[in-house]
Asker: 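Encoded as C-alpha cells, here's the structure I'll be asking about.
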Amino acid sequence: MFLKCESLQRMGAFKFRGAFNTIAQIPAETRRRGVVAFSSGNHAQAVALVARMHGVPAVIVMPSTAPPAKLDATRGYGAEVVFYDRAGEDRDAMALRLARERGLTLIPPFDHPDIVAGQGTAALELFEETGPLDALLVPCGGGGLLSGSAIAAQVMAPTCRVIGVEPEAGDDGNRSFASGRLERVEHADTIADGARTPSLGPLTFAVIRRHVSAMTVASDAELIAAMRFVWERMKLIVEPTGVLGLAALMAGRVHLRGRRVGVILSGGNVDLTRVREWMAG
Ligand SMILES: *Cc1c(COP(=O)(O)O)cnc(C)c1O
C-alpha cells in the first residue's frame, strides 16, 4: 500500500494544488484585482495562501457560524473574511456580487477544469514514484480530487482501478454514479467535514462517470478507526475526510488483498477540540 500524504502539503491539504493552478493562470492584470471564494474549509485556506504568494487580495465568504480555528487560519494567511448569514443572502449570490463590485475572480472549489487539473497532480506524483498500481482510493466531496486523479491514472496507469470514497451519510456521488443522474444529499451528518458537499458538479460528474471504476463509502466509526491507526502507528496527523480511502480499505469495503494499492490521504487539518469525543470509544 502506498500513501500519498497530502496532510503534509502546504496549508495541510491537496487543495493548494487546484488553487495554485487556477490562480496562476489568471491574466496578471485581472489577478491584481484579487480573488474571492466561498468556503469555511481547506479551499478557503488554499485560496488565501496562494493569493498571498501572488501578492493579490483574497476575500473569503464564510458562514457566521464557521469554527474560530478555521476563521483564524484563513485570516492568518492574510485573507479578508466576509460573513454571510445562512438565513439571509445565499453565499453564491454574495460571492458573485463581491466579484462584480470589486472586480475579483471567483475561484470555484471543484467544478472547474483548472481546479481538476491541479488536484490531479497529487495522483500524478504518486504514480511517478510508485509506477503502475492496481487500484487507487481517493476521498470524494465535490469530486475535484477524484476526477483529477482519474485523469492522471488514465495517462500514467491505464489499468489502475480508481475508486472514489465518500462518507456514508453523504453518499450523493455513489447515488449519482449508480443512477447516472446528479443526485443530492443536503446537510450530511458526518465528521468528514471536507466531503459534506451536497453534490458533484456537472464537470466532475462527467469525468467520474467516464474514468472512475467504482464508488464506495466509509462510516464515521470506520473513519475514526482509520484515523487512530495512522495517528498511532504511522505518526501522521490526518483529518477525518483525509482517511476516507484508507478507512474503506481497512473496513473491507473494497477487496484488494495482495494488490498494489495507492491511497490518497487528502488532508491533515484537524479540529483538536473534537479529538476527545472521537477517540473516547
Ligand atoms: C475538499 C477535500 C476533499 C474533497 O475534495 P473534492 O475535490 O471536493 O472532492 C477531501 N479531503 C480533504 C481533506 C478536503 O479538504
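Note: hydrogens, waters and symmetry copies are ignored here, and every other heavy atom, side chains too, is used. What you see is a predicted model; the values in this text were computed from it and never measured. For this chain, numbers begin at 1 and follow the sequence in order.
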Asker: Walk me through whether Val47 and Tyr77 qualify under side chain to side chain contact (heavy atoms under 4.5 Å, CB included).
Answerer: CA-CA 9 Å; Val47 169; Tyr77 289 120; over 6 Å; no
Asker: Would you say Val36 and Ile60 make side-chain contact, with heavy atoms under 4.5 Å?
Answerer: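 Val36 vs Ile60: side chains apart.
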Asker: Below 4.5 Å, heavy atoms only, C-beta onward: do Phe205 and Ser176 meet side chain to side chain?
Answerer: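 Sidechains of Ser176 and Phe205: in contact.
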Asker: Closer than 4.0 angstrom, basic N to acidic O: yes or no for Glu125 and Arg17?
Answerer: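 Yes, this pair counts.
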Asker: Just by distance, no angles: are the side chains of Asp172 and Ser199 close enough, under 3.5 Å, to form a donor-acceptor pair?
Answerer: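 Checked: Asp172/Ser199 side chains show no N/O donor-acceptor pair below 3.5 Å.
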Asker: With rounding to the nearest 0.5 angstrom, report the CD to NE2 distance, Gln119 to His112.
Answerer: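 NE2 of His112 is found 12.0 Å from CD of Gln119.
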Asker: For the hydrophobic clusters of this structure (ILVMFWY residues joined by side-chain heavy atoms under 4.5 Å, transitively), does one cluster hold both Ile26 and Met53?
Answerer: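 Linked within one cluster.
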Asker: Under the 3.5 angstrom rule, does the side chain of Thr204 hit a backbone N or O of Gly201 as a donor-acceptor pair?
Answerer: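 Yes, the answer is positive, given that a donor and an acceptor are paired below the 3.5 Å cut-off.
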Asker: Between Glu168 and Arg253, does any NZ, NE, NH1 or NH2 come within less than 4.0 Å of an OD or OE carboxylate oxygen?
Answerer: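 Yes, this pair counts.
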Asker: Just how far is it from atom OG of Ser149 to atom NE2 of His211, taken to the nearest 0.5 Å?
Answerer: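 Going from OG on Ser149 over to NE2 on His211, the span is 12.5 Å.
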Asker: Which atoms form the tightest heavy-atom contact between Leu223 and Val243, and what is the distance?
Answerer: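 Scanning both residues completely, I find the closest heavy atoms to be O-CG2, 3.5 Å.
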Asker: Please round to the nearest 0.5 Å and tell me the distance separating atom CZ of Phe177 and atom CG of Leu200.
Answerer: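 One finds 10.5 Å between CZ of Phe177 and CG of Leu200.
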Asker: Using a strict 4.0 Å threshold on nitrogen-to-oxygen distance, state whether Glu29 and Arg32 make a salt bridge.
Answerer: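 Salt bridge absent between Glu29 and Arg32.
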Asker: Nearest 0.5 Å please: distance from the CD1 atom of Ile264 over to the CG atom of Leu145.
Answerer: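 So the gap between those two atoms works out to 5.0 Å.
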Asker: Salt-bridged, Arg102 to Glu80, with N to O below 4.0 Å?
Answerer: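 A salt bridge is present here (some side-chain N lies under 4.0 Å from a carboxylate O).
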Asker: Evaluate Asn269 against Ile237 for side chain to side chain contact (heavy atoms under 4.5 Å, CB included), listing each step before the verdict.
Answerer: CA-CA 8 Å; Asn269 291 325; Ile237 303 294; over 6 Å; no
Asker: Is the gap between the ring centers of His54 and Phe20 under 6.0 Å?
Answerer: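 Yes, close enough.
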Asker: Let me confirm one number: the NZ-CG distance from Lys15 to Leu49, rounded to the nearest 0.5 Å.
Answerer: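 Atom-to-atom, Lys15:NZ and Leu49:CG are 14.5 Å apart.
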Asker: Side chain of Gln45, backbone of Asn42: donor and acceptor closer than 3.5 Å?
Answerer: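 Such a contact is absent between Gln45 side chain and Asn42 backbone.
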Asker: Taking the side chain from Arg175 and the backbone from Arg184, do they hold a donor-acceptor pair closer than 3.5 Å?
Answerer: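 Not a single qualifying donor-acceptor pair exists.
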Asker: Apply salt bridge (Lys or Arg N to Asp or Glu O under 4.0 Å) to residues Lys70 and Asp193 and explain how you reach the verdict.
Answerer: CA-CA 12 Å; Lys70 302 235 156 139; Asp193 57 347; 2.9 Å; yes
Asker: Mind running side chain to side chain contact (heavy atoms under 4.5 Å, CB included) on Thr105 and Arg31 for me, showing each step along the way?
Answerer: CA-CA 7 Å; Thr105 305; Arg31 186 171 58 222; over 6 Å; no
Asker: Taking CZ in Arg259 as the centre, count heavy atoms belonging to other residues, nucleotides or ligands within less than 6.0 Å. Is the count above 12?
Answerer: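 Not more than 12 within 6.0 Å, no.
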Asker: If you measure from CZ on Arg52 to CD1 on Ile23, what distance do you get to the nearest 0.5 Å?
Answerer: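 With rounding to 0.5 Å, CZ (Arg52) is 13.0 Å from CD1 (Ile23).
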Asker: Is the CG atom of Asp134 crowded by more than 12 outside heavy atoms at less than 6.0 Å?
Answerer: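 Yes, because the 6.0 Å sphere around CG of Asp134 holds more than 12 heavy atoms from other groups.
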Asker: In the single-linkage hydrophobic clustering (I, L, V, M, F, W, Y; side-chain heavy atoms under 4.5 Å), do Phe110 and Ile107 co-cluster?
Answerer: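 Shared cluster, no.
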Asker: Going through the checks in order, is the side chain to side chain contact (heavy atoms under 4.5 Å, CB included) test met by Leu133 and Phe2?
Answerer: CA-CA 9 Å; Leu133 296 170; Phe2 300 91; 3.6 Å; yes
Asker: Check whether any side-chain N or O of Arg260 sits under 3.5 Å from a backbone N or O of Pro132 as a donor-acceptor pair, and report yes or no.
Answerer: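 The answer is yes, because a donor-acceptor pair under 3.5 Å joins these two groups.
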